[in-house]
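Worksheet: the structure to be examined is printed underneath.
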There are 2 protein chains.
Amino acid sequence: MACLTDDIERYLLRMLGEGVTLEIQRAEVADRFGCAPSQINYVLLTRFTPARGFFVESRRGGGGYIRVSRLPEDAWGEAGDLPEALDQATAEHHIARLVEARRLTPREGALLRAVVSRDVLNLPLPLRDRVRAAVLRAGIGGALRWQQEYANGVQRVGMEP
Amino acid sequence: MACLTDDIERYLLRMLGEGVTLEIQRAEVADRFGCAPSQINYVLLTRFTPARGFFVESRRGGGGYIRVSRLPEDAWGEAGDLPEALDQATAEHHIARLVEARRLTPREGALLRAVVSRDVLNLPLPLRDRVRAAVLRAGIGGALRWQQEYANGVQRVGMEP
DNA sequence: TACTGCGATAGTCAGAGAACGTCAGGCCGG
DNA sequence: CCGGCCTGACGTTCTCTGACTATCGCAGTA
């Protein structure tokens, strides 16, 4: 069963695709999907997170709105400032963001997602989240650093930047 | 003595076909066989193990599912029977071999090498080598599995809209 | 102007419901 | 009696709703 949350997520992503900022009315979207208005908050809370590269702002009252936009890439800080510990969901959000921004290939995303999974890092809990963060940082760093080395190598041979 | 577990295994294998990712609902399959839902977990645990080249993931809650996939023998190959524990040098050797064989891109190699490094998996020693092996297996599997899902999609079974 | 009340939004939170996971223990054939 | 099969009770996670709360703009009024 494709759940409502996933449907609404797809809908918003499609709307968002056409511009950098999307402005919606909560009640209008809820109506379109025949659900409670607070469902929209749930979708935004669980799917359009900062870790995934989204920014949400809103205003209440007459003429109120909810705005969803993508964070500019340079506001992310790459892998450098990921937190010391990461739960699985947040780690996957970070990966999704990097794939969407084409910093990682989808296959690299799948690789990393597998690697940070709960079952693979089979460790007791405060530790597991710390190792996951370290692994994710290293993985992202490893891939991006390779890119740089590769680019430099090519440049030495005389290609254009 | 056609036991239930064997029946369910056969059923899932038939659904799974070649190189397809299968998506099921635990309760639906349990119903079909008139058994307890946890029986499905037992089948997955004892028959669809990573050692046999299977991969199982799931999501709980409304709209939950269980996904089963298998890597084709030739893609999984030598990576499939990596030992239970791996020191860093051996792990890197395996990675190099897979890159050489074009199972992984050089960049994926760099990613994995970073991830299995001693400093990243900062754990006491008998444990570290075990986690490293698990991480490596998962990473390779994750990458190869993506390929397959991308090509063949997901086969959903049961429950129509 | 300043205040006040009202309608129109959106936010929060607890809780119900829908999946799946785990585990101790019963059962049964060899 | 041992090991594999199977279940049921209980735990965890995710979704969705409804009641209640907070905020905003505007119109009317002193």
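All of these numbers come straight from a predicted model, not from anything done at the bench.
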For [X], report the nucleic acid contact type (base, sugar-phosphate, nothing); a contact means any heavy atom under 4.0 Å.
X: Arg118(A); value: nothing
X: Arg67(A); value: nothing
X: Arg26(B); value: base
X: Ser58(B); value: sugar-phosphate
X: Ile40(B); value: nothing
X: Gly61(A); value: base

N/O (side chain, [X]) to phosphate O (OP1/OP2, [N]) under 4.0 Å:
X: Arg59(B); N: dT15(D); result: yes
X: Arg60(B); N: dT15(D); result: no
X: Tyr42(A); N: dC16(D); result: no
X: Thr5(A); N: dC16(D); result: yes
X: Gln25(A); N: dA10(C); result: yes

How about CD on Glu28(A), more than 12 heavy atoms from neighbouring residues, nucleotides or ligands closer than 6.0 Å, or not?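 Counting other residues, nucleotides and ligands, CD of Glu28(A) exceeds 12 neighbours.
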Around atom CZ of Arg97(B), are there more than 12 heavy atoms of other residues, nucleotides or ligands at under 6.0 Å?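 Counting neighbours around CZ of Arg97(B), more than 12 heavy atoms of other residues, nucleotides or ligands fall under 6.0 Å, so yes.
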Can you measure [X] atom [atom1] to [N] atom [atom2] for me and round it to whole angstrom units?
X: Leu4(A); N: dG17(C); atom1: CG; atom2: C1'; value: 14 Å
X: Phe48(B); N: dC20(C); atom1: CZ; atom2: P; value: 16 Å
X: Asp7(A); N: dT15(D); atom1: CG; atom2: C1'; value: 13 Å
X: Tyr65(B); N: dT13(D); atom1: OH; atom2: C1'; value: 13 Å
X: Asp87(A); N: dT13(D); atom1: CG; atom2: P; value: 11 Å
X: Glu57(A); N: dC24(D); atom1: CD; atom2: P; value: 13 Å
X: Gln39(A); N: dT17(D); atom1: CD; atom2: P; value: 5 Å
X: Glu23(A); N: dA10(C); atom1: CD; atom2: P; value: 10 Å

Nearest heavy atom decides the nucleotide; on that basis, is Ala36(B) or Ser38(A) closer to the 5' end of DNA chain D?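 It is Ala36(B), whose closest nucleotide lies nearer the 5' terminus.
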On DNA chain C, does the nearest nucleotide to Gly62(A) precede the nearest nucleotide to Leu44(A) from the 5' side, or the other way round? Give the residue.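 Its nearest nucleotide being more 5', the pick is Gly62(A).
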Leu22(B), Val43(B): one ILVMFWY side-chain cluster at the under-4.5 Å cut-off?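 Looking at the clustering, Val43(B) is in the same group as Leu22(B).
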Under a 4.0 Å N-O cut-off, is there an ion pair linking Glu57(B) with Arg145(B)?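 Here Glu57(B) does not pair with Arg145(B) in a salt bridge, since their nearest N and O are not under 4.0 Å apart.
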Carboxylate-amine/guanidinium proximity below 4.0 Å for Asp6(A) and Arg59(B):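 Yes, charged N to carboxylate O under 4.0 Å.
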Centres of the Phe33(B) and Tyr11(B) rings: under 6.0 Å?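 Yes, ring centres under 6.0 Å apart.
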